[in-house]
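Encoded as structure tokens, the structure appears first; notes follow it.
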Amino acid sequence: MEKISIGLLGLGTVGSGVVKVIRNHQDKLVHGVGCPVGIKKILVQDSAKSREVVVDQELVTLDPNEIVDDPAIDIIVEVMGGIEETRKLLLRALEKKKHVVTANKDLMALHGPELLETASKNGCDLFYEASVAGGIPILRSVADGFASDRIHKIIGIVNGTTNYILTKMSDEGKSYEEALNEAQKLGFAESDPEADVEGIDAARKMAILSTLGFSMNVGLHDVRFKGITNISQQDIEYGKRLGYTMKLIGVAERDGEKIDVTVQPALVTDSHPLAAVKNENNAVYVYGEAVGETMFYGPGAGSLPTATAVVSDLVGVMRNMRLGVNGHSAAFPQFTKKMMEADEVFKKYFIRLVVEDEVGTLAEVTTLFSKEGISVEKIWQNPTRGSISEIVLVTHKASRKSFQDILVELNDSSVVKHVGSYYRIEI
Ligand code: NAP
Ligand code: HSE
């Protein structure tokens with residue numbers, strides 16, 4: 001091969017990083033791949049915008065067809081985001097025998113199987129390492145590093161923006177809005193940050209991780225998710241008093257042939273390494289039956305960290321080109337997906353109740369827990385104002401079903417004014 005030509009879709013946070021990494025590591029790329037690598041065209045929306053990197057204006061286009069229809073372009077790097085328009089563009093590129101590298105988890109969580117099948121039919125590679133946990137090479141590790149093992153649990157922090165917000169709220173007492181604003185300025189947040197703070201971005205990543213880890217087709221609709229928008233400073237403080245740190249945690253677990261996949265704000269024991277994962281960093285624990293516990297840690301968002309994952313995928317495609325083995329890397333799911341029922345998932349819970357501070361309240365509350373068969377590990381009462389008080393409880397492990405039932409009973413009880421908040425205690 002004389003030279004490999006790339007068509008870059010997007011020149012924002014990640015796209016600029018990709019240009020920098022390709023420029024700065026050209027020698028290493030040439031050595032690893034055996035020929036020079038160059039960007040032939042770059043798609044943007046606004047050609048007049050000022051950019052993080054200076055590029056030759058001749059390379060810039062507003063027309064995606066100039067890239068997808070160019071027979072001289074070998075590989076498409078998609079870092080523009082979006083779903084439907086992008087899906088059609090990439091399907092067309094694959095039909096035209098172009099390999100694809102993407103950082104787009106929205107697309108892969110929804111249309112991964114269709115894109116991977118199209119790639120395989122056309123003898124093309126479709127790699128998406130950067131779509132989960134930014135600069136951490138987690139997908140390749142799960143798919144290849146654990147190929148000889150049976151994964152039974154993947155748990156971790158997979159969204160940089162929410163981890164940044166929670167760190168700033170918890171360690172520096174910043175407001176939610178202030179911390180989100182900073183995360184947006186630093187380029188961690190999605191163009192619509194609702195995807196981050198509502199837990200959707202993390203849910204998409206957990207769907208991708210579980211599909212690879214459990215070899216089942218796990219879609220976004222299989223993930224139960226909740227974001228961080230309702231977390232108050234008070235809950236963070238109560239967590240601290242009990243020895244816990246608040247994190248947005250993704251959990252994918254398997255019991256026998258069944259799986260459960262969730263994303264939610266959860267309390268993590270202060271002494272656990274996940275509690276020490278700060279700012280935009282991510283960390284993922286993978287548990288294999290043979291290997292036991294493994295941990296992967298690093299920057300989960302940002303320009304250069306994400307770009308390194310994109311360019312590593314590019315190197316993978318180019319090596320395959322040299323060997324003539326493109327289109328054989330995708331691992332298609334081996335098992336039929338079976339989800340766990342609510343009475344099959346057992347967790348510890350934190351719950352804060354706003355109650356009438358009167359004779360018999362505590363007895364009534366503990367009786368409800370005992371009737372539901374939920375054992376209480378810790379309980380404390382915090383007087384607030386007048387006749388109103390707060391009761392904070394930590395339970396022993398209870399099934400999701402029992403916990404859902406107790407929430408209904410507590411809300412119906414005459415002594416409970418309302419359930420203030422509740423969180424799983426994950427680790
Ligand atoms: P971004 O900063 O908003 O950049 C998007 C780029 O794509 C911009 O250059 C934009 O052009 C271009 N673009 C968007 N829609 C387009 C369209 N319809 N036609 C032509 N050009 C279009 O986004 P980003 O943060 O780099 O993220 C890109 C992708 O990487 C997303 O899928 C995101 O989920 C994923 N990702 C991001 C991170 C991160 O830390 N930011 C990490 C992992 C994965 P203009 O500049 O002209 O507007
Ligand atoms: N918005 C994402 C995050 C970018 O904050 O984790 C990395 O996927």
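Just so you know, ligand 1 is whichever comes first in the structure, and atom 1 is the first atom listed for that ligand. Because only heavy atoms are used, hydrogens play no part in the values below, and waters and symmetry mates are left out as well, while side chains stay in.
Listed by atom number, the atoms of ligand 1 under 4.0 Å from L11 heavy atoms are 6 (C), 8 (C), 9 (O).
Electrostatic pairing of D313 and R140 counts as a salt bridge here, judged by a charged N lying under 4.0 Å from a carboxylate O. Salt bridge E52/K20: present, at least one basic N to carboxylate O contact under 4.0 Å. Salt bridge status for E190 with K105: present, with a side-chain N to carboxylate O gap under 4.0 Å. The pair D222-K337 counts as a salt bridge, with a side-chain nitrogen and a carboxylate oxygen less than 4.0 angstrom apart. The pair R352-E390 meets the salt-bridge criterion, with a side-chain N (NZ, NE, NH1 or NH2) lying under 4.0 Å from an Asp/Glu carboxylate O.
Pairs of residues two or more places apart, or lying in two chains, that qualify as salt bridge (Lys or Arg N to Asp or Glu O under 4.0 Å) and include a residue from residues 162-183 are K168-E172, D171-K278, E172-K174, K174-E182.
Nearest heavy atom pair, residue L107 against residue R87, reads CD1-CB, 3.6 Å. The two residues G298 and I136 come nearest to each other via the heavy atoms N-CD1, 3.4 Å. For the residue pair I427 and T269, the shortest heavy atom distance occurs at O-OG1, 2.6 Å.
Residue G187 has at least one nitrogen or oxygen atom sitting less than 3.5 Å from a nitrogen or oxygen atom of ligand 1, judged on distance alone. Remark: ligand 1 and G15 share no N or O pair separated by less than 3.5 Å (distance only, no angle test). Considering both main-chain and side-chain atoms, G134 never comes within under 3.5 Å of ligand 1 through any nitrogen or oxygen pair.
Neither the backbone nor the side chain of P64 comes within contact range of ligand 1; no heavy atom lies under 4.0 Å. When heavy-atom distances to ligand 1 are checked against a 4.0 Å cut-off, S191 has no atom that comes that close, whether in backbone or side chain. Both the backbone and the side chain of V44 come within contact range of ligand 1, each with a heavy atom under 4.0 Å.
One option in L8, V14, L304 has a heavy atom closer to atom 38 (C) of ligand 1 than any other, and that option is V14. Comparing D46, D106, T86, T13 against atom 25 (O) of ligand 1, the shortest heavy-atom distance belongs to T13.
Within the cation-pi definition used here (under 6.0 Å to the ring centroid, within 45° of the axis), K347 does not qualify as a partner of Y422.
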- For the pair F403 and E372, evaluate side-chain contact (heavy atoms from CB on, under 4.5 Å) and give the outcome as yes or no after the intermediate values. CA-CA 8 Å; F403 193 72; E372 196 50 61; over 6 Å; no
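In this structure, the protein non-hydrogen atom closest to atom 17 (C) of ligand 1 is Q45 CG, 3.6 Å. Remark: minimum distance from atom 12 (C) of ligand 1 to any protein heavy atom is reached at G10 CA, 3.9 Å. Regarding atom 30 (O) of ligand 1, its nearest protein heavy-atom neighbour is A103 CB, 3.6 Å. Protein heavy atom nearest atom 31 (C) of ligand 1, with residue, atom name and distance: G81 CA, 3.8 Å.
In this structure R92 satisfies the side-chain contact (heavy atoms from CB on, under 4.5 Å) test together with N65, V68, D69, L89, K96, sequence neighbours excluded. Checked against side-chain contact (heavy atoms from CB on, under 4.5 Å), V376 has the following partners two or more places apart in sequence or in another chain: F369, I379, L393.
At least one protein heavy atom sits closer than 4.0 Å to atom 15 (N) of ligand 1. Atom 23 (O) of ligand 1 is never approached by the protein to below 4.0 angstrom, counting heavy atoms only.
Using a 4.0 Å heavy-atom criterion, the residues that approach ligand 2 are K105, N159, G160, T161, F188, A189, E190, D196, D201, K205, G300, A301.
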